[in-house]
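A short write-up of the structure that comes next.
First the proteins, then the strands, lettered A, B, ... as listed; each starts at 1.
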Amino acid sequence: MHLLLVPADDDAVRLARLDAHGVLLGEPWQLGREDLPAAVAGLERDEAPRWVWDTTSDLYSALLQAGTRLARCHDISLARTVLRFSTLVQDPDYARFALDVTGSAEYPVSDAVEPEQRQESLFEAPRSHRSLEEVRQEFAAQLKAVETSRAPARLRLLLAAESAAALVAAEMRFLGVPWDQAVHRELLEEALGPEPAPGRRPALMEDLVVRLRELLRAPRLNPDSPQELLKTLHRNGIEVKTTRQWELKSSDHPAIEPLLEYKKLSRLHTANGWTWLDAWIRDGRFRPDYVVGGVVTGRWSSRGGGALQIPRSVRRAARALPGWKLLVADASQVEPRILAAMSADEGMARAARGQDLYAEIADAGFGGSRSSAKIALLGAMYGSTTGESARLMPQLKKLYPRAIALVEEAARTGERGGAVSTWLGRSTPPPGPDWDAAQRTQSQEEQRRADAWARARGRFTRNFVVQGTAAEWAECWLAGIRSRLAGLPLPDGAEAASPTGPAELVFFLHDEIMIHAPEELMPRCVEAVESAAREAGTLLFGRAPVDFPLTVAVVDSYDQAK
DNA sequence: CACCCCCGCGCG
DNA sequence: AAAGCGCGCGGGGGTG
């Protein structure tokens with residue numbers, strides 16, 4: 001049973017029951033927005049439907065704020081992103097349908113807004129109103145596209161995982177990562193000195209600027225300007241081509257050490273300093289926007305606060321509340337394990353059965369050198385053509401012919417302008433309008449550029465199949481964790497404070513999750529995370545002989561994990 | 001003033 | 001040590 005939810009205007013939502021093919025069952029009806037949460041909660045309890053809507057965050061955020069958690073949904077816009085390019089889809093009508101809806105937009109855009117502009121009203125205003133019938137038709141077209149596709153089960157799983165991920169993302173933003181302002185301010189002061197006036201450099205950075213100006217004999221140097229810095233370095237005989245840290249490290253000039261220190265502090269100050277705290281931490285929680293499927297490979301992206309780049313240096317401030325703990329679980333070496341499973345390469349699958357895949361590969365063919373094995377394998381998945389990884393490739397190819405063939409075939413397809421797909425059927429978008437003309441060019445100079453473009457696209461498609469399938473595994477893992485946590489009992493004496501239950505799934509970073517929960521619930525959470533990982537492997541690959549081991553830490557603050 | 005690109009660096 | 005993939009963000013510096 002499906003329940004379709006379509007915003008009608010500023011204060012109403014239309015609902016309709018649909019059958020398994022998206023056909024109307026009975027008459028649609030309408031509810032005022034203020035009545036919606038209670039009505040939805042009742043329908044969820046009585047009918048346990050799959051909720052169908054265009055964009056999860058448009059409606060679900062408000063439901064969460066009203067205290068309603070939902071078990072499952074179908075996010076039409078996420079499904080559209082997958083289905084419009086998927087090479088598994090054969091329905092000739094669907095691509096046209098998707099194009100009509102999306103117009104020329106290539107990828108989903110976040111509805112993120114600046115935090116101070118965020119409306120905390122119950123419902124965010126939808127960007128455009130489509131009628132219930134239009135939305136229903138698109139949903140029905142999606143169901144048909146899946147059922148008539150070359151692999152309905154895979155696409156069904158992918159769309160279910162994406163929709164579950166959309167629920168998780170909304171819940172994560174609703175809950176937020178617990179963030180201790182005081183600890184954060186402490187570590188800022190420790191590193192940078194007292195909070196400066198707005199627009200001013202912190203004291204310890206200013207001290208370094210004074211030293212740099214003396215050491216480089218440049219009394220007006222602004223080290224934040226790469227151009228200016230580069231000229232100044234050259235005047236002092238420091239012959240670097242860029243001002244990147246790794247290149248600066250090659251010089252032993254006395255100004256280098258304070259310069260690197262300045263860059264480190266500057267990064268902390270501008271990216272996660274006091275301004276960041278004021279902008280992003282409310283009521284002790286960090287609530288960024290997560291954009292499910294925001295990356296072309298299917299990974300999540302985020303908007304605001306640099307949510308997926310929280311540097312190690314500030315992780316101490318992500319802290320569990322008193323009596324609670326953080327569970328940080330990290331799936332080890334996911335991409336090579338995915339490659340082993342996808343390619344059914346027996347040798348690599350054997351290596352992927354242990355805790356440390358790189359060590360197994362090292363023993364199997366690299367004289368026990370784990371670092372060589374790792375460099376070789378990463379090079380194979382990223383398309384490295386130079387240096388040590390290129391030198392090690394022949395050996396890797398001999399050891400794991402099927403695995404290497406899979407990524408090389410993906411690269412060749414991409415170089416030709418073709419599409420490649422993940423295990424569950426997310427495909428690369430076509431290369432863009434200029435591709436064909438560029439590849440047909442006559443001039444030698446343009447031909448060189450076209451070849452470079454083709455090689456770059458080959459590296460992209462090579463990595464796409466692995467990164468994208470890893471993202472699918474991770475979303476299945478996430479969905480499994482979500483449903484298991486929902487079944488956990490409240491600890492004795494605890495009240496149901498949150499619609500998402502006693503354990504809070506608060507963070508997700510490609511192959512890592514964080515749960516914030518009462519300490520006594522942690523054993524149950526660890527079991528949930530581990531059994532969900534096993535289930536994710538089985539969902540994708542059946543009884544594949546590949547393990548997806550986790551590193552699990554139960555800690556008080558994020559920095560204590562790993 | 002807004003807008004865009006480049007640079008550099010944080011994360012996986 | 002980075003390299004080879006995928007991102008977001010803030011500052012500088014140019015343009016309109």
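Using a 4.0 Å heavy-atom distance criterion, A:T385 is classed as making no nucleic acid contact. Contacts of A:K263 with the nucleic acid, taken as non-hydrogen atoms under 4.0 Å apart, involve only primed sugar atoms and P, OP1 or OP2. When heavy atoms are screened at a 4.0 angstrom cut-off, A:Q245 is found touching the sugar-phosphate backbone but no base atom. A:I375 comes within 4.0 angstrom of a nucleotide base, judged by non-hydrogen atoms across all strands. Residue contacts shown for A:R299 include a base, since a base heavy atom lies under 4.0 Å away. Among the atoms of the strands shown, only primed sugar atoms or phosphate atoms (P, OP1, OP2) are found under 4.0 Å from some heavy atom of A:G306. A:S302 comes within contact range of the sugar-phosphate backbone alone, with a heavy-atom separation under 4.0 Å but no base atom that close.
Contact annotation: A:S301 reaches the phosphate of C:dG8 (side-chain N/O to OP1 or OP2, under 4.0 Å). Checking the phosphate oxygens (OP1, OP2) of B:dC9, no side-chain nitrogen or oxygen of A:R267 falls inside 4.0 Å. Close to C:dG6, at under 4.0 Å from its OP1 or OP2, lies no side-chain N or O of A:T297.
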* To do: Take A:Q439 and A:W453 through the test side chain to side chain donor-acceptor pair (under 3.5 Å) and record every step on the way to the result.
  => CA-CA 9 Å; A:Q439 298 300 321; A:W453 188 5; over 6 Å; no

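For the contact set between residues 204-242 of chain A and DNA chain C, defined by any heavy atom under 4.0 Å, the members are A:N222, A:D224, A:S225, A:Q227. Residues from residues 452-466 of chain A lying near DNA chain C, meaning a heavy-atom separation below 4.0 Å, are A:R459, A:F460, A:N463 in numerical order.
Side-chain rings of A:W276 and A:H184 approach one another, their centers coming within less than 6.0 Å.
With no hydrogens or angles considered, a side-chain donor-acceptor pair links A:D224 and A:Y262 at under 3.5 Å.
With rounding to whole Å, A:W276 atom CH2 is found 15 Å from C:dG11 atom P.
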* Asked: Pairs counted as Watson-Crick or G-U wobble with both distances under 3.5 Å: what dot-bracket string results for DNA chain C, using | for bases tied to another strand?
  -> ....||||||||||||

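Take the nearest nucleotide of DNA chain C for A:Q309 and for A:W246: the residue whose nucleotide is more 5' is A:W246.
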